[in-house]
Each structure stands twice: as structure tokens, then as C-alpha cells.
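The structure appears right after this line, and notes come after that.
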Amino acid sequence: MPVFSFIGLWDFDCDRWSSKNFVLMGVMIFFHTASSYGKAGLAAEHVTITRKAMGAIPEPDEVMFCPIDLQQDGVLIHSFVGEQHLQADFANEYLGGAVMRGGGSQEEELFLCCPELLATLFLVERMLDFEAVEIAGLRRYVDHNMCSGKTWSRSDQFCRPVPEAERLVNLTTVAMDAICFNSYGKLSKSEQYQPANVRREVRKCLVALRPPAAAGPGARRSFVTGLWGCGAFRGDPELKCVIQWICCSLDASVDKMIFCPFDQRECLSHAGLAELVDLLPGRVSAKRVLDLLVEDQDYAWSSSTFRYLLKKLASVGDSPQPPSS
């Protein structure tokens with residue numbers, strides 16, 4: 001189980017980190033706001049935690065790539081609320097990461113926006129390679145600039161209650177942990193391109209996308225994601241983008257992938273993402289691209305996932321064609 005203790009928050013050194021104690025402030029905002037609801041109001045709300053698992057990756061169907069909505073820099077994953085969206089939580093295998101120590105990555109930022117997520121530290125065991133955890137019925141209580149807080153002076157850093165209108169909209173997130181390729185992990189950064197590790201990430205993303213049984217047949221939603229595992233875990237942004245896009249295309253419950261590039265839109269577009277956005281949706285099968293990543297020996301020597309795919313697909317005649325009438 002994750003460690004559930006507030007000692008790290010009380011000991012947070014604001015001077016050392018040049019940052020306000022965002023998480024502790026957020027917890028106080030949550031309890032202050034919740035106290036105004038009364039027992040009846042609180043009892044009427046429910047947060048549902050679903051632990052999902054899957055066996056081996058099923059043989060992919062010959063389905064075409066789904067649409068992708070590439071957002072501008074600075075657009076946040078948690079800004080897409082409502083049941084029509086599934087937000088990615090770039091989790092550690094233990095939910096919450098370093099949130100109880102005041103950490104400031106994407107997952108800690110999400111836990112600060114929705115402090116009810118802190119309950120998952122007390123309830124959810126470590127995720128295994130074939131598991132993901134979906135949490136529905138959350139509300140956003142806190143507005144903040146923690147992720148960019150260190151670039152602002154202390155007086156310009158803020159952590160404050162969100163307006164009531166924003167708080168009334170439910171959001172759903174799914175915790176999915178990527179493989180760690182930094183110096184603290186068991187694998188080096190270069191090993192992420194090995195077929196077994198690509199398959200592991202595909203399996204993790206597929207189980208994250210799988211809708212809970214309560215969703216009912218035919219339910220569809222967008223998957224809102226971004227640079228999964230590409231920060232402290234040193235994942236390749238190009239590879240992680242393609243893996244998630246493949247999985248969104250293979251899962252019938254996903255109508256499109258909304259990709260938030262943080263501050264990497266121009267870099268990713270120039271690397272070849274803009275060309276893939278024009279090439280893949282509705283024209284190339286997700287299975288074909290997945291096969292290239294796990295079966296083609298040339299891939300291990302490629303310096304760019306995007307350019308490798310563009311070259312391979314062009315060489316087999318998969319250049320864009322006008323839609324048939």
C-alpha cells in the first residue's frame with residue numbers, strides 16, 4: 001500500500017523548493033469547502049474506484065487509426081471534464097506518487113485539483129503490469145499553478161478554491177503507470193524500444209481504456225492524455241504518443257484521442273506528428289503500426305519513431321489517398 005501520512009506535508013521546506021506548500025493548502029481548501037455542504041449534501045455524492053485488469057493482449061483487429069485532437073501548449077488534461085472524457089493520470093505503481101511530500105508532477109497536480117483522490121492512497125494497493133485504476137465522480141475543488149509555480153515568485157504562486165460552477169462538474173480519471181527508465185529503475189532508457197517493453201505499455205494503456213462494466217454497452221468517450229511517462233521516467237514522447245494512439249484506435253469505446261503536449265507541440269509536430277495526423281486516421285490500421293514497432297528489427301536503430309513510421313508506411317504505398325465516394 002502507499003504510505004498515507006501527512007508528516008511530509010507538514011515538513012515541506014518552502015524555502016528549499018522555492019514553492020508554496022500547495023498540497024497542504026489544497027487539503028485545507030477541500031475541507032473548508034466540503035464543510036459547507038452539510039451531511040446530506042456529502043452523503044449524496046459518490047466517488048467510484050474501479051480496479052481493472054486484463055490478460056494477454058488480444059490479437060488486434062484490422063481497425064483504422066482513430067482521430068487525434070492535438071491541443072495547443074499549456075492546455076491541461078484535467079480541463080476536460082464530464083462523462084464524455086476519460087482523463088489520464090500518469091501514475092506511479094503506487095497511486096499519488098509524491099503527493100504527500102509536496103511533489104509537483106502531473107499526477108500530484110491532479111491530486112491537488114481533486115483532493116478526494118487522496119483517499120485512493122488509503123484504499124488502492126500497488127498496481128501490477130496488467131492493471132489500471134479508474135476513478136469516477138470526482139470534483140475539482142482547487143485552482144492552482146503548481147506545475148509552473150517554480151518559475152513564478154512566491155507572491156505570484158496561487159492555490160485557491162475553484163468557482164462553484166466548475167466544482168459541480170464530475171470528472172473521471174484513470175491511473176496508468178508507465179515503465180520507469182531513469183537511473184532509479186531496473187531498465188535503461190534505450191530498452192524502452194524492445195518488443196516486450198512496447199507490449200507492456202500497450203497492455204497497460206489498453207486496460208486503462210477498458211470501460212467499467214457499469215458503463216454499459218455502446219458507451220463512448222474521448223481519452224485525454226499527453227506525455228505519459230516522459231518526465232522523470234524518461235520515456236520517449238514519440239513512442240508513447242504512438243502507443244496511446246494505437247490503443248485508442250483498438251478500443252471500441254474510444255471515439256478519439258485528445259493529446260495535450262504540455263509545452264512540446266512545436267517539437268513533436270516538426271518531428272513528424274503533424275504528418276502522421278494527416279496520414280493515419282481512417283487510412284492505416286493500428287495493427288500494422290503496432291507490428292512495425294514490435295516485429296521490425298529496423299526500429300531498434302531508428303532515431304525517431306515518427307520518421308521511422310512515415311518512412312515505412314510510405315515505402316509500402318500508404319501515402320494519403322482521397323476518400324472514396
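Since this is a predicted model, take the numbers as computed values, not measurements.
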Would you call the rings of Phe80 and His85 parallel, tilted or perpendicular, taking 30° and 60° as the class edges? perpendicular
Practice task
Just say parallel, tilted or perpendicular for the rings of His78 and His144, cut-offs at 30° and 60°.
Solution key: tilted
ask   = Would you say Ile258 and Phe223 make side-chain contact, with heavy atoms under 4.5 Å?
value = no
- Would you call Val81 and Asn170 a side-chain contact if the rule is heavy atoms closer than 4.5 Å? no
(message) Side chains of Phe262 and Gln106, heavy atoms from C-beta outward: is any pair under 4.5 Å?
(response) no
Are Tyr94 and Phe111 connected in the hydrophobic side-chain network, where two residues link if heavy atoms are under 4.5 Å apart? no
To the nearest 0.5 Å, atom CD of Glu238 lies from atom CG of Leu276 at 9.0 Å
In this structure, OG1 of Thr50 is separated from CD1 of Ile135 (nearest 0.5 Å) by 8.5 Å
Is Arg265 salt-bridged to Asp73, going by a charged N under 4.0 Å from an acidic O?
-> no
Notebook entry, point to check: According to a 4.5 Å side-chain heavy-atom criterion applied to Ile, Leu, Val, Met, Phe, Trp and Tyr, with indirect links allowed, do Leu171 and Ile49 form part of one hydrophobic cluster?
Noted result: yes
d(Leu313 CG, Glu275 CD) to nearest 0.5 Å is 11.5 Å
Hydrogens and angles aside, do Tyr193 and Thr305 bring a side-chain donor and acceptor to less than 3.5 Å of each other?
no
**Request:** Check for a donor-acceptor pair, side chain of Arg199 on one end and backbone N or O of Ala56 on the other, with a separation under 3.5 Å.
**Result:** no
Indicate yes or no for a side-chain donor-acceptor contact from Trp152 to the backbone of Met146 under 3.5 Å, with no hydrogens or angles considered. no
Checklist entry - Any donor and acceptor pair, going by atom type alone, linking the side chain of Arg221 with main-chain N or O of Asp255 inside 3.5 Å? => result no
*Is a salt bridge present between Asp15 and Arg154, judged by a nitrogen-to-oxygen distance below 4.0 Å?*
yes
Quiz item: Between Asn145 (side chain) and Phe158 (backbone), is there a donor-acceptor pair under 3.5 Å?
Solution: yes
ask   = Does the side chain of Val142 reach to within under 4.5 Å of the side chain of Cys159, using non-hydrogen atoms?
value = yes
Thinking salt bridges, do Asp296 and Lys312 make one under a 4.0 Å N-O criterion? yes
| task | Answer yes or no: is there a donor N or O on one side and an acceptor on the other, between the side chain of Ser249 and the main chain of Cys66, under 3.5 Å? | result | yes
### Message
Quick one, Met257 and Thr225 - any side-chain contact, counting heavy atoms below 4.5 Å?
### Response
yes
Checklist entry - Same cluster or not: are Val3 and Val27 linked, directly or through other Ile, Leu, Val, Met, Phe, Trp or Tyr residues, by side-chain heavy atoms under 4.5 angstrom apart? => result no
Can you check side-chain contact (heavy atoms from CB on, under 4.5 Å) on Cys260 and Leu76, steps first, answer last? CA-CA 7 Å; Cys260 301; Leu76 300 178; over 6 Å; no
All heavy atoms of Arg220 vs all of Val254, minimum pair found to be NH2-O, 3.4 Å
Sequence neighbours excluded and cut-off under 3.5 Å, please list the side-chain donor-acceptor pairs for residues 204-218, or say none.
from, atom 1, to, atom 2, distance (Å)
Lys204, NZ, Leu128, O, 2.7
Lys204, NZ, Glu131, O, 2.5
Lys204, NZ, Asp177, OD1, 2.7
Arg210, NH1, Ala53, O, 3.2

Notebook entry, point to check: Ion pair present between Glu45 and Arg139, side-chain N to carboxylate O less than 4.0 angstrom?
Noted result: yes
All heavy atoms of Arg288 vs all of Val284, minimum pair found to be CD-CG1, 4.4 Å
Item to complete: Run the numbers on Leu187 and Ile179 for side-chain contact (heavy atoms from CB on, under 4.5 Å), then give the verdict.
Response: CA-CA 8 Å; Leu187 300 173; Ile179 301 175; 3.8 Å; yes
* Is there a donor-acceptor pair under 3.5 Å between the side chain of Tyr308 and the backbone N or O of Leu292? -> yes
The reported gap from OG1 in Thr173 to CD1 in Ile77 (rounded to nearest 0.5 angstrom) is 8.5 Å
State whether the side chain of Arg203 and the backbone N or O of Met54 hold a donor-acceptor pair below 3.5 Å, judged by distance alone.
yes
Can a donor-acceptor pair be found between the side chains of Glu83 and Thr172 at a distance below 3.5 Å? no
Of all heavy-atom pairs linking Ala286 and Phe65, the shortest is CA-CE1, 3.5 Å
Item to complete: Evaluate the side-chain proximity of Cys230 to Asp236: yes if any heavy-atom separation is below 4.5 Å, no if none is.
Response: no
Worksheet entry | Ring-ring centroid check Phe181 Phe233, cutoff 6.0 Å | no
Note to self: With a sphere of 6.0 Å drawn around CG of Leu42, does it hold more than 12 non-hydrogen atoms of other residues, nucleotides or ligands?
What the structure shows: yes
pair Leu70-Leu273: side-chain heavy atoms closer than 4.5 Å:
yes
Consider only side-chain heavy atoms of I, L, V, M, F, W and Y, link residues closer than 4.5 Å, and tell whether Leu279 and Leu309 are in one cluster.
-> yes
* Would Gln192 and Leu239 satisfy side-chain contact (heavy atoms from CB on, under 4.5 Å), going step by step from the backbone distance to the final call? -> CA-CA 9 Å; Gln192 64 186 296; Leu239 175 60; 4.2 Å; yes
- Does a sphere of radius 6.0 Å around CD in Gln84 hold more than 12 heavy atoms from other residues, nucleotides or ligands, not counting ones at 6.0 Å or beyond? yes
Going by heavy atoms in the side chains, are Trp10 and Asn21 under 4.5 Å from each other? no
Counting only N and O atoms by type, is there a donor-acceptor contact under 3.5 Å from the side chain of Gln157 to the main-chain atoms of Ser18? yes
Rounded to the nearest 0.5 angstrom, the CH2-CG distance for Trp245 and Leu290 is 14.5 Å
To the nearest 0.5 Å, atom CG of Leu95 lies from atom CZ of Arg126 at 12.5 Å
Do other residues, nucleotides or ligands put more than 12 heavy atoms under 6.0 Å from Glu166 CD? yes
Any side-chain donor paired with an acceptor under 3.5 Å for Glu62 and Ser285? yes
*Any chance OH of Tyr37 has more than 12 other-residue heavy atoms, nucleotides or ligands included, within less than 6.0 Å?*
yes
Next on the checklist: Please check: side-chain N/O of Arg283 versus main-chain N/O of Asp278, any donor-acceptor pairing under 3.5 Å?
Outcome noted: yes
Closest non-hydrogen atoms of Val169 and Ala165, given as atom of the first, atom of the second and distance, are CG2-O, 3.8 Å
Just checking Phe122: does its CZ atom have more than 12 heavy atoms from other residues, nucleotides or ligands closer to it than 6.0 angstrom? no
Note: Ala91 and Ala175 closest approach over all heavy atoms is CB-CB, 3.8 Å
Can you establish whether the number of heavy atoms outside Arg200 located under 6.0 Å from its atom CZ is more than 12? yes
Under 4.5 Å between side-chain heavy atoms, counting indirect links through other Ile/Leu/Val/Met/Phe/Trp/Tyr residues: same cluster for Leu168 and Ile29 or not?
no
- Verify the distance criterion only: is there a donor paired with an acceptor across the side chains of Glu191 and Ser188 at less than 3.5 Å? yes
Next on the checklist: Apply side-chain contact (heavy atoms from CB on, under 4.5 Å) to residues Leu86 and Val224 and explain how you reach the verdict.
Outcome noted: CA-CA 6 Å; Leu86 175 65; Val224 190; over 6 Å; no
Requested in this report: Would you mind checking if Asp291 and Lys287 are paired as a salt bridge, meaning a charged N to carboxylate O distance below 4.0 Å?
Outcome: yes
| Does any donor atom in the side chain of Asp89 or Gln87 lie under 3.5 Å from an acceptor atom in the other side chain? | no
Nearest heavy-atom approach of Leu227 to Pro261 is CD1-O, 3.6 Å
